[in-house]
Structures are given as C-alpha cells and as structure tokens.
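Chain identifiers are assigned alphabetically (A, B, ...) following the order of the sequence lines, protein sequences preceding nucleic acid strands; residue numbering begins at 1 within each chain.
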Amino acid sequence: MLNTSSNETYEEARRQLEICNACRYCEGYCSAFPAITRLRAFADGDITQIANLCHNCRGCYYACQYTEPHEFALNLPQALAKTRTESWQAYSWPAPLGAVFQRNAAASVFITIVAVAALMLLIRALPATSGDGFYAVLSHGAMVALFAPLFLFPLICLFVGLKRYWKDVGGERITLAHLKDAVSQAATLRNLSGGHGEGCNFESQDRFSQARRHAHHAVMYGFLLCFASTSSGTLLHYGFDLPAPYGFWSLPKLLGLSGGLLMTLGCIVMLTLKAKADAALSNPETHGADQAFVGLLGFVGASGLALYGLGSTAAMPALLALHLGAVAAFFVLTPYTKMAHGFFRLAALVRDAQQKP
Amino acid sequence: MSKPGTEDHILKPDVLVIGGGNAAMTAALQAREAGKSVTVIEAAPKAYRGGNSRHTRNFRCMHNGPLGVLTGDYDPDEYFDDLLKVTKGDTDPQLAKLAIENSESAYRWMEAHGVRFQPSLSGTLSLSRTNAFFLGGGKALVNAYYARAEDAGITVLYDAHADHLEISNNQVTEVWVSTRAQELCFKPAAVVVASGGFQADTDWLARAWGPAAKNFLIRGTPYNRGVVLKDLLDQDIQSVGDPTQCHAVAIDGRAPKFDGGIVTRLDCVPFSIVVNRNAERFYDEGEDVWPKRYAIWGRLVAAQPDQVGYAIIDSKSRDLFMPSVFPPIEADTIPQLATKLGLAPDKLEHTIETFNAACKPGPFKPTELDGLSTQGLNPAKTNWARPIHEPPFYGYSLRPGVTFTYLGLKVDQTARVSGKQGPMENLWAAGEIMAGSILGQGYLAGFGMTIGTVFGQIAGREAATHA
Ligand SMILES: Cc1cc2nc3c(=O)[nH]c(=O)nc-3n(C[C@H](O)[C@H](O)[C@H](O)COP(=O)(O)OP(=O)(O)OC[C@H]3O[C@@H](n4cnc5c(N)ncnc54)[C@H](O)[C@@H]3O)c2cc1C
Ligand code: SF4
Ligand code: SF4
C-alpha cells in the first residue's frame, strides 16, 4: 500500500474532497465528481483513484465559490494534481528515478543530451554497413539491439507500477466492457469536454475552450500513428521481407509523416497553452518538468520530420543521431515523467467503469 | 453625506445597473442587447462578484413536458400552489404569476446567455422535476454572464459602492458611487437597482430582530448591506415585506461569519435530538421531512440562549444524511461528547436517557414519515425516534444562518419602483431587493433565482426603452 496516511498532500486533498462532497455543484463536469459523491469517507486509495480520474480541466476551480481569498481555499485541480504526482512517484519503479524526473526539467534535458551524444558516438564508432538509407549509418541489427530493450524496459516498469496502483484502488477483474468504456472515454477525452461539450477552462480562465482537448488529440493520435508506422515497418521487415527505406506511398511513411506532423504541431500548441495557463491550478512543482517532457515529445516528432525531409543529404547522420537519441530518451523517461499519466489515467478510467452504477 | 466631485467624473450611461448578481447581470445584458450603453456597479471585488447568486445551485422552472434537464411536467397552477403553501398566501398573485409564467422562457434565455444545466445533484432527486440545476453552480452562471457582458461591451466597475441616489420629482438624477480610488457621480438616463437585501449589515439586523441577531451567521455575501435599499426608503420610496424578518436556517455553528454557503447546511436534525446550551430539548426534531422543516430551525435555534443548539446522533445514523463540510465532534460516551461540546455531562446524559426511555420499537424508514414516535415525552419526537445508544456518538453545533431579508422595494408589473408620488420615472428594481412582494414569508427552493431572472429581464428591457 502506498504509504500516505500521514501525508500532507493526501490530507489536503481529503479536506477539499470533503467540502466538495457537501457541495456537489460540479457534479456534471467530469468523472471525478460522481466518484466523489459515491463515497462518504475518503481512504487513500480512493483519493489516488479520484486524482487520476481528474484531467485538470479546471472547471471546478473557476466555478468554485470557495477559492481563495475564501477561507476554505478550494483549489481542487491543484490538490489532485499534487496527489497524482505523488502517486506516480510512489508507483514508479525503480522508485528513485520517479523522484528525480517528476519535478526536474533539467534531469530530462540532461538525459536527452546524453542519449543524443551516445548515439552520435555509436554511429561514429560502428563501421559503415552495407545497408541502404539509415541502415548505412546504423545497421538494422544495431538498431534492434539498442531499441528493443529501450522499448521493453519502460513497459515492464509501468506494468509494475500499474499493478501496485490497481491493488491500492481496489481494482477488480477487468472485462471487455470495462475496457471499451475506458478506451472510448480516453479516445474522446470526454473529461476535457466540460460536461457540456464546450471544452475546458485550461488557458482562457473562466471561459471554455476546446484548444487543449484538440491539441491533446493531435499529440495522442500523432503518437499512435508514429507507433503504427514503426509497427508496420517491423511487420514489413520481418513478415514480408521488405526492409527500409520505404517510398512516400508506403504505409510506414504515410503513417509516420502524418503522425509526426500531428505530434509536432500538437506539442507546440500544448506548450503555448501551458504557458498561458495558470500554473497554480496544476502542480507548480512539476510545471517545468512537464514542459520539458512535452518539448521532448515534440522534438521526437520534429526531428523525425527533419530526417524525412533531409534524409538524403549530408546532414542525415547527425539528424539520425538527434532523432534516435530523442526517441531513446523518450523511452527511458516514459515511466518517470508526465508520459506516465496516459497509463495511469487509463487505469483510473477502467476502475471507474467498474465502479459506476 | 457630501456630494462627490461631479465636474471631473460625469459618467452618463443610458442604463446604470447597481449590483452584480443574477438580477443585475440579467438586466444589464437585456438593456445592452436593446442597444443601450450600460454600466454595472458591483460592490464586491472581482473575486467575490455575484452576490448571493454565486452560492445558488438551481432555479425553479415551470414546464409542460420535459425541458432540458427537467423531468415530467410542472404546470403554473401547481407552481403557484406550492408558493401559496410556503408563503401562507402572503404574496402578490399578479407578480408571482408573472414570475412563474416567464420561468420557462427564462430557462432558454439563460441557456442562450451561456448558462449550462445539469441533472439534479445526487441527494436532491426530489427536485429533478421542479428545479433546473446550474452546471458548476451559481458562480459558473455568474461567470457566464460576466463573460457575455464583456463581449457585449458592458462596463463593469468592481469594488464600487453605490452610496446614494439623488431623486427629484420622481426621477433619479444622480447616483453617487465610491470606489477605492475616487468618488464618482453618475448621471444615467435610467437606473436598475439589483443590490439584494440588507442581511450582511448585522447592526441593522439587530435593530430589526433584536440583539440576538448579532450571533447570527450570514450564509451569503458580506456585500449585501442594504445601503441602496436604506437610501431609497429614507427618501420615502414605497416598501414591501416585513422589515423585522429574515429567512434563517440552522447551519453548522463552526461556519464562517459570512459566505459559508451551501456546504454549512446540516441535514442531520431529523435523525438526531437537538438540545440547547442547557442540554435540554426544545422542539420536535421529527415533525416532518427535512426539506419541509429546515427553514424553521433557524428561528428555533435563534430563540434559544446564545442562539446555539447541538444536534446529537449515534453511529447508526451517521450515513443517513448528506455529508457536511466539517466533521462532527466525536466521542465514545455521552459525557465525553458533552464535555467536548461544552455542555454539562450529567445533564446531557439525563436528557438522552429520558429520550431513549421514551423511544418505542417499530419500523424505521429514513426517507418517509415513519410514525416512529416517542411516548410520554415533552416535546415529543414524532418520527424517526430511535434511542441514541450506539457509540461512537456525534455532535454538531447549530446556529441560525441568514439567507436573506424580506424588506424590499414595491414594484409594479414592469418592475418599476413606486415612489412617494406614484411610479418612479426612471428607476426599476429586480431580484432580492423587490422579492418581498412575492415571497412575503417562507421560501420556495429555487424561486429567488427565478424572480431575479424574470424581473431582471423585465427591468433591463423597460429601462432600455426609457433610456
Ligand atoms: C447559500 C445560499 C444558497 C442559495 N441557493 C439558492 C438556490 O439554489 N436557488 C435560488 O433560487 N436561490 C438561492 N438562494 C437565494 C438567492 O441567492 C437569491 O435569491 C438571489 O441570488 C438574489 O439575486 P440578486 O441578484 O437579487 O442578489 P445578489 O446575487 O445577492 O446580488 C446583489 C449584488 O449587489 C451588490 N451590491 C450590494 N450593495 C451594493 C451597493 N451599495 N453598490 C453596488 N453593489 C451592491 C452585491 O455585491 C451583489 O453583487 C441562495 C442563497 C444563499 C445565501
Ligand atoms: S469545487 Fe467548489 S463548487 Fe465545485 S463541488 Fe467543490 S466546493 Fe463545490
Ligand atoms: S479539474 Fe476538471 S477534471 Fe479535475 S476534478 Fe475538476 S472538473 Fe474534474
């Protein structure tokens, strides 16, 4: 069990949740409120679950009659964001890494630079191969040897964390119906719709806007397209004996190009929105680290696009090192940064599907 | 009062709206949409804008057939009957019917101006047919109106107090306003007053009600001090409503003096016994279902020594009512609980033993009148009377919490204020400040916002026509 019983962050979240439960005015904004009003008392596991259901839409902050200077000092989006940070840190494995990266932008930047440098050295050190395109610089075998573990290790770490989460929130056996419900909520970001479909209060204060929902969609679907591009390449390589490079009208290229564009643009919009939004309505301690992570994700997309555009020029080896370095850093950082939110949110949505009447 | 410097700041909007709650913003939007220039004077700073309206959760709305989030039908006759029941007939039927009949179009007007509704909140199912709940509550409604006002080019001054309306020949000629920085003198063509009641002026409350009122808590904004109301009544504008009365409910005694809002309400009374400072019971806690009784408990507690009461339950009743903002005081024995509450332990123990002995076995049904009554006890508890003997025991302190005052301005069907020599030329009123015409006594949940929205629209429209 997460050791949080005497923890100030959880105590503060509990205090605010009890006020909300006596009020309930925000019930229609998101899934967190119905989860609140189903309870009379809030155990730590309940708070963890509610915090991970919250998508930081901020509707409940701007609608609240008890925000500061009122003595009840409600700021539920912040209280839940802080709880989320703590829960991800506690569930991260190995735990000390979570403690380093959650709150520290410089650490993420440092890892990225190290990864890029390592890739540069590797490309220099390895002899030129007989492969085509990128494989001429870094052989297919070397890429697989490097990225297969980099991809699998974070997944194992996340799996360990999610199992702990599931135990703490009292999760039950998962059925197809639970998954369907959770995935459809995630796919539409229903919890950023404001309940009325007009969006959230992220960057325009008490006015509603779809900007964050749309930007997040771009990043998420862009990311998934890039993932599909790599998967299709793997399939072509091993299943059909069709190794890269691929032409423009190939599946890997089309998926990768559209995904890369969406992801890059989405991240740029995300960063501008974050810069406009009031940092005090999220966890101010993770603001920089979160920005750094979104920046890294955008950089992965942008360097991929650059590689596509300049792949046949002399800049290619350097760009390849940049791109692959960024991808490597992304993989390493996934379990310990903002990226973890996707996995825990999905778990929370599945748990919510089990608890909804 | 000395006259502020008129030369420097002669501000002349077509319509000046005094107040910044639901009624004021409705009137302002309506007047602006009629093409007039509008300035809003709000006494509160921006963070606290919106008066008592920011604390509301719903409004009562007639409808034939389902309407938005509202289920079933609620026809105007039933609505009017409900009003007659709570006011015991103390209402102006013409004005009341005007509010009721326009409540349906008010729903649409609100929606068109950015208010969003949600199904009745969990724990309030009984209101799902009659009351439309605001998504996010009253502050979200207020935010929507201010955003519209900004887009429409309405000038809003925060931290701006209207101190005085200069009247000659049934005409408002000037409005004196003080802000932090300066004194302003407005010369508007038309004026809408929507500045609420006077409940936040506890000296006035004490003069009207008696010194006990000093111990009352005010559930809503500290900015409704009745300054404009008093200024107008001092100039012989006609009034309605009992000047000595206020609507008060029993709320958690630990609530802040002002602005505690909805979360300080306590719904435990029907399942408890309530004692006063002397650890004695004083009224039938189980007289009726709570929604029908909660409004009388403000007065009941107000009549007790130090205006304080203590509701006591045991563990089996803990989850029968909506949770409240502060956790109850808890103890394993009655004497310990008494000590924690500041009551005489032996007296409380005696009161509870006497009560327990008068309880009789029978079926207990928390959601309906179950007739489970004490026998031979005075005062009796006529429903839900179960012995209090399963630890832990819980106690809540109760104090009267004032919602609003009844004294207001007399208006006609066009929301026009009545002066000493007949209708005022250019003065209209909306919301709490004129609600006494319709709600002479008692209260009908959600009717305050209905009155404010309907008469806000009328006042805004009429003022615009005049300006
Ligand atoms: C806790 C609570 C919950 C409630 N819940 C409901 C509910 O769910 N449904 C319902 O229908 N009713 C409810 N009511 C009653 C409801 O709040 C009122 O009926 C309604 O808000 C009145 O609207 P109004 O615009 O007239 O006044 P208010 O909203 O109170 O606005 C008055 C405005 O005037 C301003 N003001 C005061 N004096 C001056 C001055 N001298 N100069 C300039 N500005 C001034 C104030 O700052 C304020 O902005 C509730 C009341 C309380 C206290
Ligand atoms: S955030 Fe504020 S308005 Fe919303 S439910 Fe909580 S206390 Fe009520
Ligand atoms: S910030 Fe939005 S998602 Fe989070 S609890 Fe508040 S309303 Fe729900």
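Among the candidates A/Arg15, A/Glu27, A/Arg38, the residue making the largest number of heavy-atom pairs closer than 4.5 Å to chain B is A/Glu27. Ranked by heavy-atom pairs under 4.5 Å with chain B, the list A/Glu68, A/Glu18, A/His196 is led by A/His196. Among B/Asp259, B/Leu135, B/Val325, B/Leu141, the residue making the largest number of heavy-atom pairs under 4.5 Å with chain A is B/Leu135. Contact tally against chain A (heavy-atom pairs below 4.5 Å) for B/Thr124, B/Asn143, B/Val263: the top residue is B/Val263. Contact count versus chain A (heavy atoms, under 4.5 Å) is highest, among B/Gly136, B/Gly137, B/Ala147, for B/Gly136. With chain A as partner, the option from B/Ser122, B/Pro256, B/Ala140, B/Ala47 having the largest number of non-hydrogen pairs under 4.5 angstrom is B/Ser122. Across B/Pro327, B/Gly123, B/Gly260, the residue that shares the most heavy-atom pairs under 4.5 angstrom with chain A is B/Gly260.
Sorted pairs that involve residues 28-64 of chain A and meet ring pair (Phe, Tyr, Trp, His ring centres under 6.0 Å), not counting sequence neighbours, are lacking altogether.
By the ring-ring contact (aromatic ring centres under 6.0 Å, His included) test, B/Tyr443 pairs with B/His247, B/Phe404, sequence neighbours left out.
By a heavy-atom distance cut of under 4.5 Å, A/Asp206, A/Arg207 are the residues of residues 201-211 of chain A near chain B, going up by number. For residues 112-120 of chain B, the interface with chain A (any heavy-atom pair closer than 4.5 Å) comprises B/Arg116, B/Gln118, B/Ser120, sorted by residue number.
Interatomic distance, A/Gln65 CD to B/Arg57 CZ, rounded to the nearest 0.5 Å: 11.5 Å. Taking CZ of A/Arg40 as the reference point, atom CZ of B/Phe321 lies at 6.0 Å (rounded to 0.5 Å). In this structure, B/Lys139 NZ and A/Tyr66 OH are separated by 11.5 Å, a value rounded to the nearest 0.5 Å.
Looking at B/Tyr48, only its side chain comes within 4.5 Å of chain A, counting heavy atoms on both sides. With a 4.5 angstrom heavy-atom cutoff, B/Tyr146 does not touch chain A via any of its atoms. Looking at A/Pro69, the atoms closer than 4.5 Å to chain B (heavy atoms on both sides) sit in the backbone and in the side chain alike. If you measure heavy-atom distances from A/Cys64 to chain B, the contacts under 4.5 Å come from the backbone alone. If you measure heavy-atom distances from B/Thr56 to chain A, the contacts under 4.5 Å come from the backbone alone.
The backbone N or O of B/His55 sits less than 3.5 Å from a side-chain atom of A/Tyr25, completing a donor-acceptor pair.
Counting only heavy atoms from C-beta outward, the side chains of B/Pro323 and A/Arg24 approach each other to under 4.5 Å.
Few gaps surround NZ on B/Lys316; more than 12 heavy atoms of other groups in view lie less than 6.0 Å from it. Dense packing is recorded around NZ of A/Lys356, with more than 12 heavy atoms of other residues, nucleotides or ligands lying under 6.0 Å away.
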